[in-house]
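Below is one structure, written out as C-alpha cells, with a few remarks after it.
Within every chain, numbering begins at 1; the chains are lettered A, B, ... in the order of the sequence lines, protein sequences first and strands thereafter. Computed from a prediction, not measured in an experiment: that's the story for all the values here.
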Number of protein chains: 2
Amino acid sequence: MADVARSAGVSTMTVSNVVNGRPRVGAATRERVLAAITALGYQVNLAARHLRAGRTGVVGLAVPELERPYFAQLAGRLADLFEAHGLRIVMERTGASREGELNAVAFSRLRMYDGLILSVVDIDPGELSRLNTDAPVVMIGERALPSRFDHVMMDNVGGAREATAHLLASGARRIAMIGGELDGPANMQGLRATGYATAHREAGVPVDPALNVQCSFRLQDGYDAIRSLLDRSISFDAVFALTDVVAMGALRALADAELRVPADVQVIGFDDLDEAAYLVPSLSSINPGHDEMAAAITARLLAHLGGDEPVGPQELIVPARLVLRGTTR
Amino acid sequence: MADVARSAGVSTMTVSNVVNGRPRVGAATRERVLAAITALGYQVNLAARHLRAGRTGVVGLAVPELERPYFAQLAGRLADLFEAHGLRIVMERTGASREGELNAVAFSRLRMYDGLILSVVDIDPGELSRLNTDAPVVMIGERALPSRFDHVMMDNVGGAREATAHLLASGARRIAMIGGELDGPANMQGLRATGYATAHREAGVPVDPALNVQCSFRLQDGYDAIRSLLDRSISFDAVFALTDVVAMGALRALADAELRVPADVQVIGFDDLDEAAYLVPSLSSINPGHDEMAAAITARLLAHLGGDEPVGPQELIVPARLVLRGTTR
DNA sequence: TTGAAAGCGCTAACAT
DNA sequence: ATGTTAGCGCTTTCAA
C-alpha cells in the first residue's frame with residue numbers, strides 16, 4: 001500500500017480510502033490511485049485489516065469429518081443463512097478427537113473466526129467449562145453438555161424412541177440396533193440407544209443385548225454389522241440403524257443375504273439425508289429437523305456477534321420426526 | 001501479551017518465547033509467565049501472528065457446493081494429506097458462480113490462505129489470465145483451461161467414452177445421457193458428452209439427441225430427467241448419468257416405473273462415490289482417480305508453498321477407469 | 001479533500 | 001537468559 005501511495009503521489013490514507021470506496025476522495029486523485037493499484041498489482045492484506053478491525057467476517061464450522069453427508073448437508077444450509085448476513089462459512093474438520101475440537105475452539109478464540117459452530121463429539125465437558133464462556137461459540141451435536149455454552153441439539157432420544165416404537169407397533173420383535181451403545185455414555189450412540197430401550201420398555205418387549213452391534217459410522221461399518229449378526233445366526237426382523245449412512249451399508253448386506261426389505265426385515269435410519277428418499281427401496285428415517293437446526297444455530301451465533309446484551313447460554317433441543325418410506329411396512 | 005508481560009514482570013519477548021515453547025527461558029521465569037497467562041486468560045492473536053509471519057498455515061478448498069458428495073469425499077482425502085504437512089484444510093463454497101470463484105481467489109491472494117485449491121466451474125478463462133500467475137493456486141475440475149495456472153483434472157472425455165463404450169458393447173443401442181450437453185462448451189457437461197459421442201462414433205452407432213436430457217446435478221434432477229424421457233415415450237435401454245448423484249435419482253425413477261436394472265435398463269454413473277458400491281443394485285461408475293487426484297493436487301500445492309524455483313504451471317490429467325457393478329450386464 | 005501520527009499484537013534481529 | 005527496537009500493512013483520529 002505504501003508503494004501505491006508513493007507511486008500515486010498521495011498518502012497511504014488516501015489509498016486506503018480509495019480501496020474501501022470511501023467518499024471523500026477527489027475524482028482525479030481516485031483515478032491516479034486506481035491506476036497505480038493496477039500498475040503495481042496491489043492486493044489488500046486481510047491479515048493486517050483483521051488485526052486492525054478485530055474481525056474477519058468468517059464463521060467456522062468444525063465437524064468430525066468433512067465427508068459425512070449429514071454435516072455436508074448442514075453446511076450447505078448454514079452457508080445460505082449466513083451469506084444473507086454477509087458472513088462466510090468455512091468448514092474444517094476436528095477428526096472427532098478431543099485435540100481437534102480444542103484446536104478448533106482455540107483457532108476461533110484466536111480470532112481467525114468471528115464465531116464458531118462446533119460439533120462436539122469427544123471433548124471432555126470438564127475441559128469445556130474451563131474455556132471462556134462468552135466466546136462466540138455454538139455447540140451442536142448429539143451429546144447433552146452440562147456446559148455454559150450455547151448448544152443446539154437434535155432430539156436423539158425422542159427420535160430413536162419413535163423409530164423403534166414404529167417398528168414394534170408394526171410387529172417387529174427382534175430389532176437389531178446398529179451403531180448404538182446400550183447403557184453407554186450420553187453421546188449419540190448412548191442417547192439413541194436410550195430411545196431404543198425406552199420404546200421397548202413402553203411396549204413391554206425385552207431388549208436383547210445381542211442385537212446391539214457397536215460400530216462406527218461409515219458404509220462398510222453398517223455392512224459389517226449385519227454380516228456379523230448373520231454370521232452368528234442372531235435372528236432379527238428389523239434394523240434400527242444409528243445413521244442413514246450405516247443404514248445404507250446395512251441394506252446392501254441384507255440384499256446380499258437375499259433378505260427382502262421390508263418383507264423379511266424392516267429398516268429405519270436416522271438423519272433423513274437427501275439420499276434417503278431416492279434409495280430403492282426408499283429409506284425410512286428420522287428427520288432431525290434440519291431446517292430448524294440450521295435456523296437455531298444461525299440465530300444463536302448472530303446473537304453473539306450482534307454483541308448486545310450477552311443473553312445467557314441457551315440449550316435448545318430441536319424436535320425430530322419419523323419419515324416413513326419404503327423400508328418399513 | 002503486554003498485560004501478561006507487565007503482570008509477570010518480564011518483557012513481551014519473553015512471553016512470546018514462553019508461548020511458543022522456545023528454549024532459552026529460565027524455568028522460574030517460565031512459571032511466572034504461565035501463571036500470568038492463566039490468571040489473565042490470555043490468548044494469542046493469530047491475526048497479528050499472521051501479519052508478522054506472512055503465512056497462516058491454512059489451505060483453502062473452494063468448491064461449488066459444500067453438500068456435493070464428490071467434493072466432500074475429496075476434501076476428506078486432501079485433509080489427510082495436508083495434515084501430514086502441518087497444514088489445515090478449510091472448505092468454502094463458491095456457489096458455482098463467477099463471482100464466488102473470483103472471491104475465493106481474492107481471499108487467497110489476500111493472504112488468509114497460504115494456498116488455494118479452486119474448483120473452477122463458471123469463471124471466465126479470460127479473467128483467470130488477468131490474475132497473478134504465481135499465486136499458490138491449484139485449479140481442479142472438469143474444464144480444460146487455457147490458463148497459466150496449475151490444473152489437475154480428471155479424464156472426463158476418456159471416462160465417459162469408456163462408460164458409453166461398455167454399454168454399447170453389452171448390446172445397448174439407445175443410451176440416455178443425463179446431465180450432459182452434446183456439442184456444449186468444454187465444461188463437465190460438454191466434455192463428458194464428447195466422450196459419449198466419441199464412443200458412439202467408434203461403434204458406428206448414431207447419437208439420438210432426444211436421448212440427451214440436460215439438467216443440474218441433484219438427486220431430483222436425475223429423477224426428473226428419467227421421468228421426462230418416459231413421459232415423452234422416448235425409449236432407451238441404458239443410462240449414462242453424468243454423476244453418481246444423478247444416477248441415484250435416475251435409479252429411483254426407473255424403479256418407480258417398474259423398469260428392471262440392469263435387465264431392462266443398464267446404468268453407469270460417474271464419480272464412483274463411496275455410496276456407489278452399497279446401492280441396491282450397486283452402481284457401476286467411472287472412478288475418476290480419487291487418490292491420484294488428491295495426491296497430485298497436494299504435490300502441486302506443496303511445490304508452490306515450498307517456494308523453491310517456480311516450476312512452470314502444469315496441467316495434469318488423471319486417468320479414469322470403469323468400475324463395473326450391479327447396474328450393468 | 002488530504003495527510004501525519006499512532007498503534008492494532010506479534011516476533012526477528014540484535015543487544016545486554 | 002532476558003530486553004530493546006523496529007516493523008509487518010492497515011485504519012482511526014485528528015490536524016491541515
Gap between atoms CG and P, on A/L51 and C/dC10 respectively (whole Å):
9 Å
For A/L66 versus B/A79, what's the shortest heavy-atom pair and its separation?
CD1-CB, 4.3 Å
Rounded to the Å, how far apart are B/D3 CG and C/dG9 C1'?
11 Å
Evaluate side-chain contact (heavy atoms from CB on, under 4.5 Å) for A/N20 paired with A/V44, printing each intermediate quantity in order.
CA-CA 10 Å; A/N20 292 283; A/V44 189; over 6 Å; no
Between A/D80 and A/R77, does any side-chain N to carboxylate O distance fall below 4.0 Å?
no
If you measure from the Lys or Arg side-chain nitrogens to the Asp or Glu carboxylate oxygens, is any gap between B/E83 and A/R93 under 4.0 Å?
yes
note: B/N20, atom CG; C/dC10, atom P; distance rounded to Å ~ 10 Å
Worked check of side-chain contact (heavy atoms from CB on, under 4.5 Å) between B/L87 and B/L302:
CA-CA 10 Å; B/L87 291 163; B/L302 289 176; 3.9 Å; yes
Looking only at non-hydrogen atoms, find the nearest pair between A/P136 and A/L301 and report the distance.
O-CD1, 3.4 Å
Tell me the interatomic distance from A/R49, atom CZ, to C/dC10, atom C1', rounded to whole angstroms.
20 Å
Below 4.0 Å from chain A heavy atoms, what is the first contacting nucleotide of DNA chain D and what is the last?
D/dG9 to D/dT12
5'-most contact on DNA chain D: B/R32 or A/A48, nearest heavy atom basis?
B/R32
Starting at CG of B/L46 and ending at P of C/dC10, how long is that distance when rounded to a whole Å?
9 Å
List the steps and the verdict of side-chain contact (heavy atoms from CB on, under 4.5 Å) for A/F71 and A/E65.
CA-CA 8 Å; A/F71 289 112; A/E65 305 273 359; over 6 Å; no
Considering only nitrogen or oxygen atoms on both sides, find all protein atoms under 3.5 Å from nucleotides 3-7 of chain C and state each distance.
{"unit_1": "C/dG3", "atom_1": "OP2", "unit_2": "A/S11", "atom_2": "N", "d": "2.9"}
{"unit_1": "C/dG3", "atom_1": "OP2", "unit_2": "A/S11", "atom_2": "OG", "d": "3.3"}
{"unit_1": "C/dG3", "atom_1": "OP2", "unit_2": "A/T14", "atom_2": "OG1", "d": "2.6"}
{"unit_1": "C/dG7", "atom_1": "N2", "unit_2": "A/R52", "atom_2": "NH1", "d": "2.5"}
{"unit_1": "C/dG7", "atom_1": "N3", "unit_2": "A/R52", "atom_2": "NH1", "d": "3.3"}

Return a table of donor-acceptor pairs under 3.5 angstrom between the side chains of residues 21-40 of chain A and protein atoms on other chains or two or more places apart.
{"unit_1": "A/R22", "atom_1": "NE", "unit_2": "A/N17", "atom_2": "OD1", "d": "2.8"}
{"unit_1": "A/R22", "atom_1": "NH2", "unit_2": "A/S16", "atom_2": "OG", "d": "3.0"}
{"unit_1": "A/R30", "atom_1": "NH2", "unit_2": "A/R22", "atom_2": "O", "d": "3.1"}
{"unit_1": "A/R32", "atom_1": "NH1", "unit_2": "A/A8", "atom_2": "O", "d": "2.6"}
{"unit_1": "A/T38", "atom_1": "OG1", "unit_2": "A/L34", "atom_2": "O", "d": "2.9"}

Atom pair distance, as rounded to whole Å: CD in B/Q43 and P in C/dC10
10 Å
